[in-house]
Novice: 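Pasting a structure below so you can have a look.
For the numbers below, each heavy atom of this structure counts, side chains included, while hydrogens, waters and symmetry mates do not.
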Amino acid sequence: MCPGFINMLSHSHYSVLVDPRSMSELKQGVTTQIVGEGYSPGPLTPSERELLIEKQTWKFDVPWLRLAEYLSHVESKGSSQNFAAFVGESTLRMHGPGHEDRAASDEEMQRMCGVFEEEMADGALGLGTSLIYPPAFFFSTEELIALARIASRYDGKYISHMRSEGARLLEAIDELVRIAREAGLPGEIWHLKAAGQDHWHKMQQAIDRVEGARTEG
């Protein structure tokens with residue numbers, strides 16, 4: 001006997017609407033699923049909602065725009081597991097500059113912060129980023145700190161698929177630590193690895209950086 005496992009990096013946010021049993025994970029002992037790596041089921045813009053409906057692989061209703069509304073929808077449909085979510089930065093970006101490779105304007109930044117704060121007030125876990133993928137890597141460190149500060153006000157967390165897992169692995173860890181430190185919230189790395197044999201030697205330095213940040217609090 002053991003307690004149920006928590007899948008900290010689940011992508012079952014749409015499949016649960018087709019199979020509320022989530023048997024592929026339940027049979028592995030997973031009883032809690034955490035979603036929101038970069039993209040989250042909300043907060044959607046109306047155009048992103050229409051795109052989601054148009055591009056569906058599985059067919060399911062999309063009666064929500066907000067992440068909180070999505071979670072309520074999962075609950076009303078029934079689920080064999082617990083679900084919780086981070087707000088993905090790429091989903092937030094659709095409320096601002098979208099897929100454009102540029103900084104957010106002041107107005108766009110205010111809009112992204114506003115919808116993010118609404119989700120945090122309604123129970124989101126924090127800010128989830130996937131900075132190795134577009135359009136996430138268009139975000140500057142300073143923009144991410146501004147968003148993470150909102151999560152901090154609600155005792156949220158910053159969790160990240162970092163900008164690099166190879167050539168700039170150590171710099172990516174430094175960025176995550178900086179975001180967590182300046183925003184005043186816990187930071188977590190989704191994938192701690194040195195990708196590619198040329199970078200394997202960096203793994204001890206990566207661990208040392210993480211342990212150093214933890215020692216500093």
Novice: Measuring from atom OG1 of Thr45 to atom CZ of Arg111, what distance do you get when rounded to the nearest 0.5 angstrom?
Specialist: 10.0 Å

Novice: Could you go through the side-chain contact (heavy atoms from CB on, under 4.5 Å) check for Asn7 and Thr32 one step at a time?
Specialist: CA-CA 6 Å; Asn7 182 353; Thr32 299; over 6 Å; no

Novice: Check whether Ser72 reaches the backbone of Ala68 with its side chain - one donor and one acceptor, N or O, closer than 3.5 Å.
Specialist: yes

Novice: Distance from Arg181 atom CZ to Asp174 atom CG, nearest 0.5 Å?
Specialist: 9.0 Å

Novice: Nearest heavy-atom pair of Ala104 and Met112: which atoms, and what distance?
Specialist: CB-CE, 3.7 Å

Novice: Locate the shortest heavy-atom distance separating Gly128 from Phe86; write the atom from each residue and the value.
Specialist: N-CB, 3.9 Å

Novice: Looking at CD1 of Ile34 and CG of Leu125, how far apart are the two atoms once the value is rounded to the nearest 0.5 Å?
Specialist: 5.5 Å

Novice: Are Thr31 and Phe5 close enough, and set up right, to give a side-chain contact (heavy atoms from CB on, under 4.5 Å), and what steps lead you there?
Specialist: CA-CA 6 Å; Thr31 58; Phe5 299 125; over 6 Å; no

Novice: Please check if the side chain of Thr215 supplies one atom and the backbone of Glu211 the other of a donor-acceptor pair under 3.5 Å.
Specialist: yes

Novice: Distance only, no hydrogens: is a donor on one side chain within 3.5 Å (strictly under) of an acceptor on the other, for Glu171 and Ser164?
Specialist: no

Novice: Measuring centre to centre across the rings, with the benzene-like ring taken for any Trp, is Phe138 within less than 6.0 Å of His99?
Specialist: no

Novice: With a 4.5 Å limit on heavy-atom distance, are the side chains of Ile6 and Val30 in contact?
Specialist: no

Novice: The test is salt bridge (charged side-chain N to carboxylate O under 4.0 Å, His left out); show your working for Glu48 and Lys55 and say whether it passes.
Specialist: CA-CA 10 Å; Glu48 287 295 308; Lys55 300 294 185 182; over 6 Å; no

Novice: Find the distance between NE2 (His161) and CD (Glu165) and round it off to the nearest 0.5 Å.
Specialist: 3.5 Å

Novice: With a 3.5 Å cut-off and no angle check, do the side chains of Glu175 and Thr141 form a donor-acceptor pair?
Specialist: yes

Novice: If you draw a 6.0 Å radius around NZ in Lys59, do more than 12 non-hydrogen atoms from other residues or ligands fall strictly inside?
Specialist: yes

Novice: Count the heavy atoms of every other residue, nucleotide or ligand shown that sit under 6.0 Å from CD of Glu142, and state whether that count exceeds 12.
Specialist: yes

Novice: Do you know the tightest heavy-atom contact between His13 and Pro41?
Specialist: CB-CG, 3.7 Å

Novice: Restricting to non-hydrogen atoms, name the atom on Trp64 and the atom on Leu17 that form the minimum distance, rounded to 0.1 Å.
Specialist: CH2-CD1, 3.7 Å

Novice: Side chains of Glu89 and Thr129 only: does a donor on one sit below 3.5 Å from an acceptor on the other?
Specialist: no

Novice: Can you check whether Leu144 reaches Tyr158 side chain to side chain, under 4.5 Å on heavy atoms?
Specialist: yes

Novice: Say whether, by atom type as modelled, one donor and one acceptor occur between the side chain of Tyr154 and the main chain of Gly126 under 3.5 angstrom.
Specialist: no

Novice: Please identify each residue that fulfils side chain to side chain donor-acceptor pair (under 3.5 Å) with Glu54, with sequence neighbours left out.
Specialist: none

Novice: Is there a chain of hydrophobic side chains (I, L, V, M, F, W, Y, each step under 4.5 Å between heavy atoms) that links Ile189 to Met8?
Specialist: no

Novice: Rounded to the nearest 0.5 Å, how far apart are CD1 of Ile159 and CG of Leu9?
Specialist: 7.5 Å

Novice: For Phe139, does the six-membered ring have the charged nitrogen or CZ of Arg93 within the cation-pi criterion, i.e. under 6.0 angstrom from the centroid and within 45° of the normal?
Specialist: yes

Novice: With sequence neighbours excluded, what pairs up with Tyr14 under the ring pair (Phe, Tyr, Trp, His ring centres under 6.0 Å) test?
Specialist: Phe60

Novice: Without swapping roles, check the side chain of Glu117 against the backbone of Ile150 for a donor-acceptor pair under 3.5 Å.
Specialist: no

Novice: Look up atom CZ in Arg163 and atom CD1 in Ile132, then write down how far apart they are to the nearest 0.5 Å.
Specialist: 11.0 Å

Novice: Under a 3.5 Å distance rule, please check whether Ser22 uses its side chain to pair with a backbone N or O of Glu25 as donor and acceptor.
Specialist: no

Novice: Nearest heavy-atom pair of Ala206 and Leu192: which atoms, and what distance?
Specialist: CB-CD1, 4.4 Å

Novice: What I want to check is whether the side chains of Gln204 and Asp208 have a donor and an acceptor closer together than 3.5 Å.
Specialist: yes

Novice: For the pair Ser76 and His73, evaluate side-chain contact (heavy atoms from CB on, under 4.5 Å) and give the outcome as yes or no after the intermediate values.
Specialist: CA-CA 5 Å; Ser76 68; His73 181 59; 4.0 Å; yes

Novice: If you group Ile, Leu, Val, Met, Phe, Trp and Tyr by side-chain heavy-atom gaps below 4.5 Å, do Tyr39 and Val62 land in one group?
Specialist: no

Novice: Linking I/L/V/M/F/W/Y whenever any side-chain heavy atoms sit under 4.5 Å apart, do Ile173 and Ile179 land together?
Specialist: yes

Novice: Could you tell me whether Glu118 and Arg66 have a side-chain N and a carboxylate O separated by less than 4.0 Å?
Specialist: yes

Novice: If you define the side chain from C-beta out and look only at heavy atoms, does anything of Arg102 sit under 4.5 Å from Glu108?
Specialist: yes

Novice: Is the shortest side-chain heavy-atom distance between Leu147 and Met109 below 4.5 Å?
Specialist: yes

Novice: Report yes or no: does Ser152 contribute a side-chain atom to a donor-acceptor pair with the main-chain N or O of Ala183 at less than 3.5 Å?
Specialist: yes

Novice: Is Arg49 atom CZ crowded by more than 12 heavy atoms from other residues, nucleotides or ligands, each under 6.0 Å away?
Specialist: yes

Novice: When you measure from the side chain of Gln33 to the backbone of Ser10, do you find a donor-acceptor pair of N or O atoms at a distance under 3.5 Å?
Specialist: no

Novice: Kindly work out whether a path of hydrophobic side-chain contacts (I/L/V/M/F/W/Y, heavy atoms less than 4.5 Å apart) joins Leu169 to Phe137.
Specialist: no

Novice: Looking at Glu188, is its backbone amide N or carbonyl O close enough to the side chain of Lys157 to form a donor-acceptor pair, meaning the two atoms are under 3.5 Å apart?
Specialist: no

Novice: Do you know which two heavy atoms are closest between Pro186 and Ala180, and how far apart they sit?
Specialist: C-CB, 4.4 Å

Novice: Check step by step if side-chain contact (heavy atoms from CB on, under 4.5 Å) holds for Leu44 and Met94.
Specialist: CA-CA 8 Å; Leu44 301 175; Met94 298 305 111; over 6 Å; no

Novice: Kindly say whether Pro63 contributes a backbone atom to a donor-acceptor pair with the side chain of Asp61 at under 3.5 angstrom?
Specialist: no

Novice: Is there a path from Ile53 to Val16 through hydrophobic residues (I, L, V, M, F, W, Y) whose side chains come within less than 4.5 Å of each other?
Specialist: yes

Novice: Quiz question: by atom type and distance under 3.5 Å, do the side chains of Glu37 and Ser130 form a donor-acceptor pair?
Specialist: no

Novice: Flag yes if more than 12 heavy atoms outside Lys193 fall under 6.0 Å of its NZ atom; otherwise flag no.
Specialist: yes

Novice: Using atom types as modelled and distance alone, determine if a side-chain donor or acceptor of Ser40 lies under 3.5 Å from a backbone N or O of Val87.
Specialist: no

Novice: Quick one: are Leu127 and Leu92 in side-chain contact, heavy atoms under 4.5 Å?
Specialist: yes

